Structures are given as structure tokens and as C-alpha cells.
Number of protein chains: 2
Amino acid sequence: MADTRRAENHPFVRKIESVALFDLSASERAALAGLPMQMADYETDQDIVVEHERPKRCFAVLSGLAATYKTTQDGRRQVTAYHVPGDVPDFQSLHLEVLDFSICAVSPLRVGFVTHEALRAMFAAEPRLGDAFWRTTLIEGSLAREWMLNNGRRESYPRMAHLFCELMLRLETVGLAVDHSCQLPLTQYELGDALGITSVHVNRILRELRESGLITLSGGRLTIHDWDALAKAGEFDPSYLHLRRLDE
Amino acid sequence: MADTRRAENHPFVRKIESVALFDLSASERAALAGLPMQMADYETDQDIVVEHERPKRCFAVLSGLAATYKTTQDGRRQVTAYHVPGDVPDFQSLHLEVLDFSICAVSPLRVGFVTHEALRAMFAAEPRLGDAFWRTTLIEGSLAREWMLNNGRRESYPRMAHLFCELMLRLETVGLAVDHSCQLPLTQYELGDALGITSVHVNRILRELRESGLITLSGGRLTIHDWDALAKAGEFDPSYLHLRRLDE
DNA sequence: CGGAGTGTTGAGATGCCTCAAGTGAAGTGG
DNA sequence: CCACTTCACTTGAGGCATCTCAACACTCCG
């Protein structure tokens with residue numbers, strides 16, 4: 001009983017259960033929970049992995065927020081994804097040896113490293129888990145496409161509204177948001193890096209959103225006061241998140 | 001001998017050989033070449049699949065160019081990827097049942113449909129092929145991130161330069177470009193949809209690129225006159241394409 | 001010959017950027 | 001406990017990249 005409970009709370013088990021299209025067997029659960037993980041802590045703005053590295057292991061976010069980003073030669077930065085607890089942001093390093101992005105902590109961050117070797121052994125023993133992890137990378141691709149549409153074709157007001165809807169929903173699914181309110185320790189500069197705009201402009205749009213009564217973002221906490229209005233402003237349709245409960 | 005040659009020329013064999021990290025065995029080659037494919041032809045602007053569908057099969061591009069795109073509610077369009085012969089643009093439908101994007105022909109297009117069933121059977125019999133296809137979806141993810149950086153953080157002149165470099169290189173790897181010149185039947189409107197700008201602005205930037213002596217694009221043909229200068233203008237570093245010959 | 005789609009160019013509008021100054025809160029060291 | 005620094009946030013003013021609207025040219029095709 002104690003073992004079962006421990007497995008349920010294991011980040012991998014939680015993640016795969018929320019993503020897989022099947023119910024986990026006892027042995028699959030045990031395989032996930034039994035993965036040898038090496039813990040590590042990072043402070044805000046520290047990089048976990050950087051572009052051009054050839055990692056021999058992946059990591060799972062255990063607590064805190066992480067961001068994948070790339071930069072231009074003159075140092076302009078684009079965040080391409082945010083990662084919440086349970087995510088395995090560099091999972092692709094298992095198949096693409098050279099990283100084409102960096103990942104940094106956007107808050108104090110705890111991660112668990114798992115060697116490629118251990119993951120490959122697990123997938124050999126439990127092939128359905130390989131499919132489930134594959135699914136997670138495909139969902140990340142879906143988010144990327146939605147970001148491209150959002151950043152490419154929406155002005156900054158709806159763009160920001162859309163991002164807040166996505167983050168709130170994703171944080172809710174991992175229990176980090178209640179009543180449309182969550183910790184969101186992003187600086188305005190970082191928000192700009194995700195939205196492709198300037199921190200100055202972030203500030204102005206944020207004020208507009210606040211004055212419209214849709215949200216407040218201060219002290220590292222985001223609160224959505226009018227979800228429906230925000231979703232409408234951001235043309236937010238969560239189907240691209242491929243959440244299981246919405247699939248049925 | 002005749003069989004071997006046929007297998008070599010099969011689009012799946014070519015694609016996987018260019019992407020996989022191992023050399024294909026005879027049985028893997030046979031499995032790929034033996035996949036039952038249903039051919040179909042599309043005219044420019046026709047959709048092959050559309051958002052919210054639940055396809056029971058994937059398709060490979062056999063000849064022509066295809067584009068993945070999404071639209072906002074008011075009909076603004078963002079192209080998120082282009083697909084050259086050999087690509088399997090909706091491969092993810094194998095694991096994500098509902099499509100979150102549409103794919104259309106941007107030129108007369110020939111595709112080959114393969115049922116999910118046949119693909120799954122092949123992966124069960126030849127697990128390494130599953131890994132290789134997985135790799136293709138991860139490479140697509142890498143392209144998506146580079147596009148996000150490009151569209152989010154570069155102005156339209158370098159942005160367009162970057163896109164042309166990518167397309168030329170990808171078309172070269174499938175033998176559709178020689179001497180930095182290739183068929184590229186994109187309208188200026190469509191280019192704008194990929195770059196997140198207006199067709200009017202595409203026209204002006206195109207003129208600048210032409211007047212700088214970097215490229216000409218007319219009559220559906222793109223020619224790069226000064227590759228080094230174009231790559232420099234677009235800050236183009238091909239490592240994100242994960243081409244095998246560049247990996248070593 | 002006429003119509004439709006694409007490309008071209010101009011002129012004015014605007015969303016977002018740049019630069020700059022100033023506020024406020026948190027942390028540090030004397 | 002108070003200067004002092006630092007860093008994020010805030011706001012204004014002017015500039016620029018890109019958009020919108022509009023007219024017109026060109027090519028293809030029925």
C-alpha cells in the first residue's frame with residue numbers, strides 16, 4: 001500500500017498517467033517509479049542545459065518553472081516553451097545528440113536527472129511507455145505550433161491573454177493553480193522574451209489587461225479575474241494542449 | 001538487384017536513411033519499401049488534412065511542396081512548416097488522435113497514404129524504424145523552435161533570408177536544388193503567412209534582397225546568388241536541421 | 001477580349017520599439 | 001539603522017518597421 005502510494009505521487013507516474021491513452025499496469029508504474037533519478041537544484045536564471053551540448057541524460061522538472069530558449073547572435077532571446085513540474089523538457093536528447101536550445105530556471109527549480117541508458121532499458125522492457133513519452137514530445141510540438149500562430153498573427157494584447165490562459169490551464173492540471181490564480185514568477189522582461197515583444201511593451205499591455213479587469217500580475221502571482229473574457233480576448237481554445245479529459 | 005534498386009529509391013527508404021543514426025538492414029529496407037501506399041494527387045491550395053480531423057492514416061510527400069498551417073478566428077493564417085518530398089508531415093496523428101493543424105498543397109502535390117495499422121505493424125516488427133521516425137518528429141520540433149526565434153526576434157529582411165537558406169538546403173538534400181537554385185512556387189502572400197508579415201511587405205523585402213544581389217525569386221524559381229552573404233544576413237546556422245553529414 | 005490572380009508601388013496610419021528618466025522594493029555593508 | 005546599490009517596474013516622447021488601403025501593371029486563361 002505504501003509502495004503504491006509512493007508510485008502514484010512519483011512525477012513520472014503522474015505525468016504519464018495524464019498523457020497516456022491507456023491505464024498504466026502495475027509493472028509500468030513500478031518501472032517509472034523505479035527509474036534512478038539524481039536530484040539537483042537550480043536558482044533563478046541558471047541554465048540546466050545549453051545549446052550544442054550532448055547530454056547523456058534527460059531531466060524531469062520536479063518543482064518550479066523552466067524555460068526553453070534560443071538566442072540570436074546579437075543576444076536577443078526567444079523563449080520557445082515553458083515547463084511545469086512533470087515535464088521532461090530535453091527528452092529529445094535521447095534521439096538528437098546535439099541540443100539545439102538551452103533551458104534555464106525561471107524560478108528556484110528542482111530537477112531529477114535520468115540517464116539515457118536507464119530510459120532506453122525501461123522502454124525496451126515496457127514498450128507502451130515509449131509510446132507515452134513519444135506522445136509527450138508530440139504534444140510539445142503542438143504547443144510550439146500554437147505559439148507560432150499566437151506570436152506571428154496576434155497583436156500583443158490577445159497574444160498575452162492567450163499565453164496566460166495556457167499557463168493557467170497547464171498549472172491547474174499539475175495542481176499548481178486554484179481559482180484561476182497561480183504563482184508565476186516571470187519578470188516582464190522574460191514575458192517579452194516569450195511573446196516576442198519588449199519588456200516596456202509588456203508593461204503597457206499588462207496595464208491594459210489589468211485596467212480591463214481581466215487579470216492582475218504582481219508579486220509573482222497571476223490571477224485571472226474573468227476567465228471567459230480573457231479566453232475570448234486571446235481566442236483561447238485548449239484543444240491544442242491535448243489534455244486527456246478534453247479528448248473524450 | 002532490381003529489388004534493391006527499387007528499395008533505394010523508395011521515398012521512405014531515402015528519408016529514413018538520411019535521418020537514422022544507423023545503417024538500414026535488408027529487412028528494415030524491405031519493411032519500408034513494402035508498406036502499402038495509396039497514392040493521391042492534389043492541386044495547389046487543396047487541403048490534404050484539416051484541423052480537428054481524426055485521421056486513420058499518415059501520408060508521405062512524394063513530389064511537390066506542402067505546408068502545415070493554422071488560422072486565427074478572423075482568418076489570419078500562419079504557416080508553421082514546409083514539407084519536401086520524403087517528409088511525413090502528419091506522422092503525429094499516430095499518437096495524437098485529433099489534428100491541431102491543417103496541411104495544404106502549395107504546388108501540385110503527390111502523396112502516399114499509409115494506414116496507422118500498417119505503420120504500427122512495421123514498428124512492432126522493426127523497432128529501430130520506430131526510433132528513426134521518432135527522430136523525424138523531433139527534427140520537426142527543432143525546425144519549429146528555429147522558426148519561433150526567427151519570426152519572433154529577427155526583422156523581416158534577415159527573417160526572409162533565413163527562410164530561404166533553410167528551404168534551399170532542405171531541397172538540396174532531396175535533390176531538388178542544384179547550384180543554389182530551386183523551384184519555389186510560393187506566392188508572396190504565402191511567404192507572408194510563413195514569416196508573419198504582409199504580402200505587401202514581402203514584396204518590398206524581396207526587392208531589397210534582389211537589389212542587394214543576394215537572390216532572385218520569380219516565375220516560381222528561387223536562385224541564391226550569394227549564399228555566404230544570404231546566410232550571414234539571416235544568421236543562418238544549419239545545425240538545427242540535424243542533417244546527418246553535419247553531425248559528424 | 002475580359003476577368004482573375006499575382007505582383008508592384010505610393011501614402012498615410014499604427015503598433016511596437018528605443019531611449020531616457022524616474023519610482024519603488026529588496027538586499028548589502030558600514 | 002541608514003546610505004547605497006541593484007533590479008524590476010513605470011511612464012513619456014519620438015522614431016521606425018510594418019500594416020492598411022488603394023491604384024495600377026502584368027500574366028495567364030477561358
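Worth saying up front: this structure is predicted, and the values here are computed from it rather than measured. By convention in this document, chain letters (A, B, ...) are assigned in the order of the sequence lines, proteins followed by strands, and residues within each chain are numbered from 1.
With ring centers used as reference points, B/His162 lies under 6.0 Å from B/Tyr240.
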Contact pattern, 5' to 3', of nucleotides 13-26 of chain C - B, S or - by protein heavy atom under 4.0 Å: --SBSBB-------

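Close to C/dG5, at under 4.0 Å from its OP1 or OP2, lies no side-chain N or O of B/Gln188.
In this structure, B/Asn203 atom CG and C/dT8 atom P are separated by 5 Å, rounded to whole Å. Note: CZ (A/Arg207) to C1' (D/dA8) measures 16 Å, nearest angstrom. Rounded to whole Å, atom C1' of C/dG7 lies 12 Å from atom CG of B/Leu191. The separation between B/Leu217 atom CG and C/dT6 atom C1' is 12 Å, rounded to whole Å. Between the CG atom of B/Asp193 and the P atom of C/dT6 there is a distance of 12 Å, given to the nearest Å. Rounded to whole Å, atom C1' of D/dC16 lies 13 Å from atom CD of B/Glu208. Distance A/Arg221 CZ to D/dC9 C1': 20 Å, rounded to the nearest Å. Per the geometry, CG belonging to B/Leu195 stands 13 Å off C1' belonging to D/dT18, to the nearest Å.
A cation-pi contact, defined as under 6.0 Å to the ring centre and within 45° of the axis, links B/Arg57 to B/Phe113.
The heavy-atom pair separating B/Arg77 from A/Arg153 by the smallest distance is O-NE, 2.7 Å.
Listed for the B/Asn203 side chain is no donor-acceptor partner under 3.5 Å among the backbone atoms of B/Val200.
Note on ring orientation: taking the six-membered ring where Trp is involved, the planes of B/Phe12 and B/Phe133 are perpendicular (angle over 60°, cut-offs 30° and 60°).
Between A/Pro158 and A/Phe236 the shortest side-chain heavy-atom distance does not fall below 4.5 Å.
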